[in-house]
Amino acid sequence: MANEVRVRYAPSPTGMPHIGNIRTAMFNWLFARHHGGKFVVRIEDTDQERLVPGAVDGILDGLEWLDIDWDEGPRVGGDFGSYFQSERLPLYHAEAERLIAQGDAYRCYCTRERLAELRARQERDKVALGYDGHCKHLGGPERRVLEDEGAPYVVRFAMPDNGITHLHDLIRDDVEWQNELVDDFVLLKSDGFPTYHLAVVTDDHFMEISHVLRAEEWLSSAPRHLQLYRALGYEPPEHGHLPMILGPDRAKLSKRHGATSILEYRDDGFLPEALRNFMVLLGWSLDDKTEVMPIETITENFTLDRVGKPAAIFDREKLSWMNGVYIREMTPEALAEAMVPFLEKGLPAHLLPVDREYLLNIVPLIHERIKVLTEAPEMVSYFLEEQPAYDPANLVQRGMSEDEAVRALERSIAALRDCEFGTEALEELLRSLGEELELTPRRFFGTLRWAATGRNVSPPLFETLEVLGRDRVVSRLQWALDSLSG
Ligand code: GLU
């Protein structure tokens, strides 16, 4: 590529960014990194009525959490600022004036009422909706009267009445629109703010953006943008419209499918590396089979010919699975570290702080099974509690008498008080004790598992006993015995 690759992520701070927005950010970032270009973040805050306080920070914090770094934009600056559209109004005004002077745009004084009537008429007549060009045809004197009155106005673009606008899209190939079907859209609103169309084209030009990669929902805006590029005398950037993201039911992705804002994934116990890997597969693939891959592999291979046209399906189950894969790749130390904030949030205060060394012993027991970090408190709590709460009736396994359970506990306590307390030694000891007691392993170990952990599923029993340690195990077995014989 001859010129430098410069791509941008241009979110509107109208809410917290969801997975679709960030997928767009990520594809632009990967494209920039692949080509050794620049990744720019620009805040499109021109719709003053829809601004949501805190959204800009939510967007930037989300990117930072995912380690998607940007070369220019808020928090980092750059030579093409401001990176907030609300601070670039004079530029849009100048370009709008230029278009008016050239005859490519005009002031429209139509009132809200007239526009509502027009729309109602179009709906009734079942014809295409859109502005009818009324003010384009105002005569000079009429226009002067309105100007002298200081009547409020918007500035509209004068779309060509005929001809075709053609886009060679990097992902969707050739797309064409008939100009007569595109109405004279607004460039500047009556509050003096530009619309998305004017701002996006002006900024992409002045920020020297080489490629516009954005969600498919913006494809229908492309003919407007291309006509604006022409009228303004700018060279248009390349365009690529990324495939839609749908839920497993093929409906538009929403919260209902578990697609929440990006920082909620952090709070729900997902790892940024796993989320990134998952997101890149929403539209891109390496070879149709490799799913888990390091970011270096993704960056190295990130080209647009591997981005598909069909909609991508968002499957939260797959994300959880992938998160588990990434968790298993962590060292026990890193996992323990990552679990701490979740334990601090999810465990009752009396179990805190968690002893790091003890936690490091617990981690290998849950490392294979944990999928999201929010599961940590539940998986760890019974290691920490003085005495886990459970119904002692569970101690008596199916097909076993209460006397047998009592005896099993008595004999185990006696044996465990004074034995080597390592996994292998415990296994040997308890297996032969079970045989001596003439109890099947299912029954004997079932009783011991309930007594030691207060639950019927746990990591492998002997490892668990070793980690719990003699004192805890003996006192829990004693509690079990007391509650049966008491
Ligand atoms: N501000 C638009 C958005 O929120 C940007 C669309 C574009 O990338 O052109 O998605």
Side-chain angles (χ1 to χ4, degrees), residues 5-32 37-52 54-60 62-63 68 70 72-74 80 82-89 92 157 165 167 169-172 175 185-187 189 193-229 232 234 236-245 252-254 259 261-262 279 282-283 304 307:
V5 165
R6 289 179 55 84
V7 288
R8 81 319 190 264
Y9 167 50
S12 303
T14 52
M16 291 301 159
H18 55 74
I19 200 126
N21 302 129
I22 301 288
R23 191 270 318 246
T24 298
M26 196 168 160
F27 277 35
N28 277 284
W29 174 72
L30 287 168
F31 189 76
K38 294 281 188 299
F39 174 56
V40 179
V41 173
R42 179 176 73 223
I43 305 295
E44 304 213 319
D45 54 351
T46 57
D47 195 345
Q48 294 289 297
E49 281 165 24
R50 293 179 55 222
L51 295 187
V52 170
V56 172
D57 280 331
I59 291 163
L60 302 177
L63 293 177
I68 297 181
W70 55 103
E72 293 171 30
F80 296 82
S82 164
Y83 295 93
F84 286 83
Q85 289 187 327
S86 59
E87 294 172 2
R88 301 170 65 85
L89 300 185
Y92 311 128
F157 184 68
T165 303
L167 171 70
D169 190 275
L170 298 172
I171 294 161
R172 315 212 65 82
V175 194
F185 55 97
V186 175
L187 297 173
K189 296 177 277 187
F193 276 82
T195 55
Y196 158 66
H197 305 300
L198 176 61
V200 85
V201 166
T202 306
D203 286 346
D204 284 344
H205 170 70
F206 283 102
M207 293 184 178
E208 297 180 12
I209 296 303
S210 62
H211 295 75
V212 168
L213 306 178
R214 63 182 169 199
E216 194 186 301
E217 60 182 297
W218 300 106
L219 183 61
S220 59
S221 296
R224 297 184 164 131
H225 299 176
L226 291 168
Q227 287 299 334
L228 265 174
Y229 280 109
L232 288 163
Y234 306 155
E238 300 272 6
H239 284 75
H241 287 88
L242 307 173
M244 305 241 284
I245 306 177
K252 192 172 182 292
L253 189 60
S254 73
S261 82
I262 236 48
M279 273 193 298
L282 295 173
L304 296 182
V307 175

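Start at 1 and go down the list; that is how both ligands and their atoms are numbered.
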Looking at ligand 1, does Y9 have a heavy atom less than 4.0 Å from it?
no
What residue and atom, counting heavy atoms only, is the protein's closest point to [atom], and at what distance?
{"atom": "atom 4 (O) of ligand 1", "answer": "S12 OG, 3.0 Å"}
{"atom": "atom 8 (O) of ligand 1", "answer": "R8 NH1, 2.7 Å"}
{"atom": "atom 1 (N) of ligand 1", "answer": "E44 OE1, 2.6 Å"}
{"atom": "atom 5 (C) of ligand 1", "answer": "A10 O, 3.2 Å"}

Using a 4.0 Å cutoff against the non-hydrogen atoms of [X], which atoms of ligand 1 qualify?
{"X": "V200", "value": "9 (O)"}
{"X": "Y196", "value": "5 (C), 6 (C), 7 (C), 9 (O)"}
{"X": "W218", "value": "2 (C), 3 (C), 6 (C), 10 (O)"}

E49 CD: over 12 foreign heavy atoms closer than 6.0 Å
no
Cation-pi check, R23 onto F27 ring (under 6.0 Å, within 45° of axis)
yes
Exactly one of Y92, W218, F185, F157 should register a ring pair (Phe, Tyr, Trp, His ring centres under 6.0 Å) with H197. Which one does?
F185
For L89 and P194, which heavy atoms make the closest approach, and how far apart are they?
CD2-CD, 3.6 Å
Looking at every non-hydrogen atom in both residues, tell me the closest pair between F206 and F80 and how far apart they are.
O-CD2, 3.2 Å
Under 3.5 Å: N/O of P11 near N/O of ligand 1:
no
H225 vs Y196 aromatic rings, parallel, tilted or perpendicular, using cut-offs 30° and 60°?
perpendicular
Between D169 and R172, does at least one N-O distance fall below 4.0 Å, as a salt bridge requires?
no
